[in-house]
Amino acid sequence: MCGIVGYIGPRDATPVLLNGLKRLEYRGYDSAGVAVLTDGHIEVRRTAGKLSRLVELVDQTPLSGSPGIGHTRWATHGVPTARNAHPHLSANARVVVVHNGIVENFLELRDELTAEGVIFQSDTDTETIVQLVEKHQAAGLDLVEAARQTFQTIQGAHGIVLMSADEPDKIVCARIGNAGGVVIGLGQGENFIASDIPAIMEHTQQVIFLESHQMAIVTSSHVQIETMAGKSIQPKIHTISFDAAAAEKGEYQHFMQKEIHEQVRSLTDTLAGRVDFQAGRIRLPELKLTTELAQKIRKIYITACGTAAYAGMVGKILIEKIVRLPCELEIASEFRYSDPIVDENCVVLAISQSGETADTLAAMEEGRRKGAAIWSIVNAIGSQAMRVAQGSLSMQTGPEIGVASTKAFTAPLVDLYMLAVLLADLRGNLPDADRRALVSDLRLVPQLASRVLNTEPEIKKVARALKNVRDCLFLGRGINMPIAYEGALKLKEISYIHAEGYPAGEMKHGPIALIDRHMPVVCIAPQDPWHEKMLSQIQQVKARGGTVIAVATEGDELVASLADHVLWVPKCPWMLSPVVTVIPLQLMAYNIATLRGLDVDQPRNLAKSVTVE
Ligand code: AGP
């Protein structure tokens, strides 16, 4: 989704903005631009396409000065052209805006402004913001008050950053609703603004997150936070521990490749400090889970989107198996429209890498409104999903830049397992020996992941065999059924091969009609309680001439004798097996996409953080 960067201070803003936008590229965008205050007027450079084109444009027609604002746009209103790219200037070119979100009443506002004589320069909803600010300034308001009036007029959820040539000492920004964050980075005699921390991480680790319906007036030496009504707020300053180096590709060709290989470390960090192997106990203090709450819970709703939802599906199985407590996985975009039966004896547990997914935040709000306890498992530190939850587990993965989520899938699988063990323990329904065995199994996880990663050369061979297929079916059962969904999602989003995940037992109810020699079928068949069922599934595919790619446990000769290709995984306790079975599918998708010469980190039409409904 759109990325925002702002800078105010003694430096030339242009390189700070371009560099910050570069670090937000992973969010997905289709045009980019910067605006800088120079010699009393605002200069803008904008292009359609990749940031490299904007950099070329800035090289050809340089601009320098401060303050400045920049933006990468993911088109919602108006096609992705230079004309529709942000920043947008007001009619008198004295005010400029970048924006993340959708002005829901823009048609009405645009008609009103047009009737008053304003000539719009773009097809965007965003331009109404800057034209309204100019209108209020013309009526005598200063930038802050003109912006405040505007923020109160526009409908929808927004992150907005504005500056004016007439008040060059400040940038005004606002967060309204959940259209993505606005974070202010505090420097020495300079300040930074961004939609996401990676954009400013190299400059400062001290940050303020704007909450919904707050605005900020940022000068080079001061940050003033206010409510929309003008009441001053004492902000909380967070120290971000992400190391800037963690957002670099290093020796890897792509962020996705780096992030897949980082899983040994991220899984190790996920366990660190949370597992007491000696006592056989789990400690998750961030969740603020008391014995009283644990015993009161009657049902858990896990809610999430995309990959995070597939992690949630595994979580449902773990919680029901280990805790014996009803648990549902609800796709977040559906949750609030399904009139869920939620009350104060329920927990709504959101899972989100970005912590800013609009649908997930709305599902959390639905749970809160109905009185449930709200938990989250989130990667992006300080994000909304982390802040609004009563208890939040932080995924210990570091920034995930590749649009296709990988390490932020495996970490919550382990978090959910630990949560289930802790919950069962606090509810008093987990025999000591079982608890100790479940906890002890966790020590295997990083090493198991490492062994699968070492099989990449074999996986590459399978990728070569599959790189030109048109369709692919993924089948799994039980705890590995969500891995079929996730494997298919990984393949389709980065390789553009049509892929479908299916519960294996459902194959005979429809998808079997598709199977012929052109249909590769990935069968996730480790030695788990559903192994025999998967074997018969593999036989059914082979009987119809399909090509089978099996994910199988090392030494499984039976699967090897049936399948055309085998992606081997080490023997693993079944409740942790999804952590292991998904990795070959991540590597297979990655290698197929690179063999097809595709932009793995920024696949077409996708955004890393989906902050619109
Ligand atoms: C994952 O590969 C996808 N790009 C996407 O499905 C993602 O998982 C989904 O949009 C949810 O994002 P979140 O975890 O940031 O909430």
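In listed order, ligands and their atoms are each counted from 1.
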Both conditions, 6.0 Å and 45 degrees, for the charged tip of Lys608 above the ring of Tyr29: are they met here? no
With a 4.0 Å cut-off on heavy atoms, is Leu606 touching ligand 1? no
Proximity of Thr357 to ligand 1 by residue part, where a heavy atom lies under 4.0 Å: side chain
To check your reading of the model: name the closest protein heavy atom to atom 10 (O) of ligand 1, its residue, and the distance in Å. Val610 CG2, 4.2 Å
Among all protein non-hydrogen atoms, which one is nearest to atom 15 (O) of ligand 1, and what is the separation to 0.1 Å? Ser354 OG, 2.7 Å
Does the Lys NZ or Arg CZ of Arg596 fall within the cation-pi geometry relative to Tyr496 - under 6.0 Å from the ring centre and within 45° of the axis? no
Report the nearest protein non-hydrogen atom to atom 5 (C) of ligand 1: residue, atom name, distance rounded to 0.1 Å. Thr307 N, 4.2 Å
Who's the nearest protein heavy-atom neighbour of atom 9 (C) of ligand 1, and how far? Cys305 O, 3.7 Å
Which residue supplies the protein heavy atom nearest to atom 14 (O) of ligand 1, what is that atom called, and how far is it? Gln353 N, 2.7 Å
Find all atoms of ligand 1 within a distance of less than 4.0 Å from any non-hydrogen atom belonging to Ala404, and give their numbers and elements. 2 (O)
Checking side chain to side chain donor-acceptor pair (under 3.5 Å) between Asn379 and each of Gln353, Lys407, Glu400, which is the one that passes? Gln353
Have Glu286 and Ser394 got a donor and an acceptor in their side chains that come within less than 3.5 Å? no
Going by distance alone, is a donor N or O of one side chain under 3.5 Å from an acceptor N or O of the other, for Tyr252 and His261? no
Mind checking whether Lys490 contacts ligand 1 via backbone (N, CA, C, O), side chain (CB onward), both or neither, at a 4.0 Å heavy-atom cut-off? side chain
Are Phe335 and Tyr301 an aromatic pair, judged by ring center distance below 6.0 Å? yes
Could you tell me whether some N/O pair between Ile351 and ligand 1 is separated by less than 3.5 angstrom? no
Looking only at distances, can you tell me whether any N or O atom of Ser405, backbone or side chain, sits closer than 3.5 Å to an N or O atom of ligand 1? yes
Just by distance, no angles: are the side chains of Thr360 and Ser352 close enough, under 3.5 Å, to form a donor-acceptor pair? no
Without hydrogens or angle criteria, can the side chains of Asp471 and His498 be said to hold a donor-acceptor pair below 3.5 Å? yes
Please report which non-hydrogen protein atom sits nearest to atom 3 (C) of ligand 1, along with the residue it belongs to and the distance in Å to one decimal place. Glu493 OE1, 3.4 Å
Minimum-distance pair of heavy atoms, taken over all atoms of Leu267 and Pro446: C-CG, 4.3 Å
Run the numbers for me: atoms of ligand 1, each under 4.0 Å from some heavy atom of Ala308, listed by number. 8 (O), 14 (O)
